[in-house]
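Presented below is the structure to which this report refers.
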Number of protein chains: 2
Amino acid sequence: MSKTDHLFRRTTNEILRYIADHVPVGAPAPTENFLAAHCGVSRSPVRTALAHLGERGIIGGGGQARIVARHPRAEDYFDDVAMGPRADHIEKVFMDLVLRQELLPGQRFSEAELARRAGSSTTAVREFLIGFARSGLIAKKPQGSWRLQAFDRRFATELADMRDMLETQAVTRFAGLGPDDPAWAAIGGLIARHRALLAALAGGTGHYKDFSALDRDFHNIIINAMDNRFVREFYDVVSFVFHYHYQWERKGERARNIVALEEHLRILEALDRRDAPEAARRLAEHLATARSTLLDSIEGMGEGIGEEPEEDGHERPVVSRPLMASR
Amino acid sequence: MSKTDHLFRRTTNEILRYIADHVPVGAPAPTENFLAAHCGVSRSPVRTALAHLGERGIIGGGGQARIVARHPRAEDYFDDVAMGPRADHIEKVFMDLVLRQELLPGQRFSEAELARRAGSSTTAVREFLIGFARSGLIAKKPQGSWRLQAFDRRFATELADMRDMLETQAVTRFAGLGPDDPAWAAIGGLIARHRALLAALAGGTGHYKDFSALDRDFHNIIINAMDNRFVREFYDVVSFVFHYHYQWERKGERARNIVALEEHLRILEALDRRDAPEAARRLAEHLATARSTLLDSIEGMGEGIGEEPEEDGHERPVVSRPLMASR
DNA sequence: CTGTTGGTTTATACCGATAATAAACAACAT
DNA sequence: ATGTTGTTTATTATCGGTATAAACCAACAG
């Protein structure tokens, strides 16, 4: 087959919504260009969508002067728009396997199997895996199969080390930002959001997703002070790991979140006062607790397969075959 | 078509060499298992190779008791073994385009075009590009085409920043290594190699490749003290950039190399004396000169296309679309 | 002359099929 | 029993082909 037509589907739905909301029956339909801009796509999917709507009798008078013939009913909408591009879907399937522990850390798995599960071809899976390997969570040997990296103490330590280094550096950079840098303004907003969420948590409302989003924004602001693409790249990995990891390490979640938020707050307030050394100290605290929660939760989980018997003594650094074509 | 058969070809050649060197005519041929181990592959390519040699009359008596019928002649060897797996070949073609400046930084390019040049299918190219994007040298927009990142002052600065951070940290780690860590032993060897190359350069012999290899080893030893997969991953990128970059920035090469080697030496000697603070100071020096040479050489080169007109205001962080399927 | 729609061309994102490899198993010889 | 080779199966690396999306150009209306 070919490309997924999720753009077409999504576009169709958006057009329908737009018509229902803004265009009375009998009025001329919006122009193709307008709809394309509105949906953020090129004209091609808009045109196929429009043709589709023509066939379903929602839009009449093909050609220059299209007319809205009737308003859409519920069954005119596509209902499976959730599924984005193939890679996104495959990622979901894959992470689902990981989180259900059907795939254990250290274990091998095959493209074919994943393809069956995801209901797509091996090519699509393969391309997803190659890209996903950036995360350091999976690796493959030159001719061999894929393997889920052991998500163990060592992995966590390496991740945390790197994180410490980057964030520490980032905070000192932050202090050096120009006085009218927009980042300073963002801090105020963050402080408010932190206080709000803390209050909500104390009151029993507010839950994981809010924390997760806020946590992410907090670290992103810090990290962006470095304005460095390599740092950001690495941070994508960090966020990813934390995101999925927390999803199944739930016990004591509320308490942990509260601690984290308070620590964030102290850092933010210090920054807000332009007190860089204090911010650095508070950050160090925060990183320490973050590290230990991560390590604790890892101790708790299943061991996985662990290291495989290293069949030839010098297993490649595993994450990455080097970029350079050597040999 | 299918997989490339470079393993088969390489294996054939290695078997021929082995026979020529170690097995007299008329003697029984080595066993399949032995040859497989010798060449570091599985039995399959060995068997196809053996069959091939049978057809060419080099090995007689098919079956259990294979006999070497005659020694190989020059034309029995495959001559295009150089070409490794597709990805390696594509990488060569691609970097060639970049270095010849047929592809300018900031410019778009298409999978199809690269496929034509490399003589392979778009799938192969696509998979190469996805993996190669880790380097941060290319990026692609969600539905759009690929683009060679501007290799400009900013790129270099970000790279150097990251490098400084990592190596500085690495050196302090190094000092904390156990007294019988093998790394200490490696230092002695490195010092010797540095002195030798310096002497050779003074005498007019010795050239780029030697320096490049030595430089790489030096930094690898430092970096490996961190024993961190993410750091190593990033370092693959650094080595890659430097490797290719130096290949076309040749003026003043000898002088630069000599300076670098001397700086390395001072660091190594300090480490050898277990004088960590001094090593750190010297490292800082070295990083500073490395940074400025890199920046200088960038000033010198063509400007490329530069930033494109940012059609929608919030062009994605460009290097990486985030790992998480969001939306 | 600006904005609209209708075609056309090129490129990407997939799929299905196939050769090359790896891995496992069976048969056999020493 | 252990090590051979022959056979089968599973999986990767690759290709060619196709539907969708983007970009371009022409025709035309206000």
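Proteins get letters first, then strands, A, B, ... in listed order; numbering begins at 1 in each. Below, all heavy atoms of this structure are taken into account, side chains as well, without hydrogens, waters or symmetry copies.
Contacts of A:E127 with the nucleic acid, taken as non-hydrogen atoms under 4.0 Å apart, are absent. Note on B:T48: nothing from the nucleic acid sits closer than 4.0 angstrom, heavy atoms only.
Donor-acceptor pairing under 3.5 Å, judged by distance alone, is absent between the side chain of B:S2 and the base of C:dA20. Below the 3.5 angstrom threshold, one finds a donor paired with an acceptor across the side chain of B:T123 and the base of D:dG16.
Between A:R10 atom CZ and D:dT20 atom P there is a gap of 16 Å when expressed in whole angstrom units. Residue A:R43 contributes atom CZ, which lies 12 Å from atom C1' of D:dA26 at whole-angstrom precision. Atom CG in B:D5 sits about 11 Å away from atom C1' in C:dT21, given to the nearest Å. Following rounding to the nearest Å, A:K3 (NZ) and D:dA21 (P) show an atom-to-atom distance of 7 Å. In this structure, A:E111 atom CD and C:dA22 atom C1' are separated by 14 Å, rounded to whole Å. To the nearest angstrom, P of D:dA21 lies 8 Å from NE2 of A:H6. Look at CZ on A:R108: it is 7 Å from P on C:dA23, rounded to the nearest Å. Between the P atom of D:dT20 and the CZ atom of A:F8 lies a distance of 8 Å, rounded to the nearest Å.
Of the side-chain N and O atoms in A:N33, none sit less than 4.0 angstrom from OP1 or OP2 of C:dG3. Contact annotation: B:R47 reaches the phosphate of D:dG6 (side-chain N/O to OP1 or OP2, under 4.0 Å).
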For this session: I would like to know whether B:R17 and B:Y77 meet side chain to side chain contact (heavy atoms under 4.5 Å, CB included); could you show each step before the answer?
Result: CA-CA 9 Å; B:R17 242 187 316 273; B:Y77 291 85; 4.1 Å; yes
For this session: Test A:K92 against A:D96 for salt bridge (Lys or Arg N to Asp or Glu O under 4.0 Å), laying out the working first.
Result: CA-CA 6 Å; A:K92 280 208 191 76; A:D96 199 52; over 6 Å; no
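With the nearest nucleotide of DNA chain C identified for both A:V125 and B:E113, B:E113 has the one nearer the 5' end. Both B:G40 and A:P30 lie near DNA chain C, and the one whose nearest nucleotide falls closer to the 5' end is A:P30. Mapped onto DNA chain D by nearest heavy atom, B:T122 and A:S110 fall at different nucleotides, with A:S110 at the one closer to the 5' end. The residue among B:T31 and A:S42 whose nearest nucleotide of DNA chain D lies closer to the 5′ end is B:T31.
When distances run from any side-chain atom of B:R66 to the nucleotides D:dT5, D:dA22, C:dT12, the shortest one goes to D:dT5. Relative to the side chain of B:R86, the nucleotides D:dT14, C:dT5, D:dG6 differ in distance, and D:dT14 lies closest. The side chain of B:S44 has C:dA22 as its nearest neighbour among C:dA22, D:dT4, D:dC15. Nearest to the side-chain atoms of A:A124 among the listed nucleotides D:dC15, C:dA20, C:dC14 stands C:dC14. Taking only side-chain atoms of B:A112, from C-beta outward, the nucleotide of C:dT12, D:dT14, C:dT21 with the closest atom is C:dT12.
With A:H71 contributing its side chain and A:V23 its backbone, the two residues share a donor-acceptor pair below 3.5 Å.
Taking the side chain as every heavy atom from C-beta outward, B:R70 and B:D76 approach each other to under 4.5 Å.
Here B:F234 and A:F234 keep their ring centres 6.0 angstrom or further from each other.
Relative orientation of the A:F94 and A:F109 rings is tilted, given thresholds of 30° and 60° on the angle between their planes.
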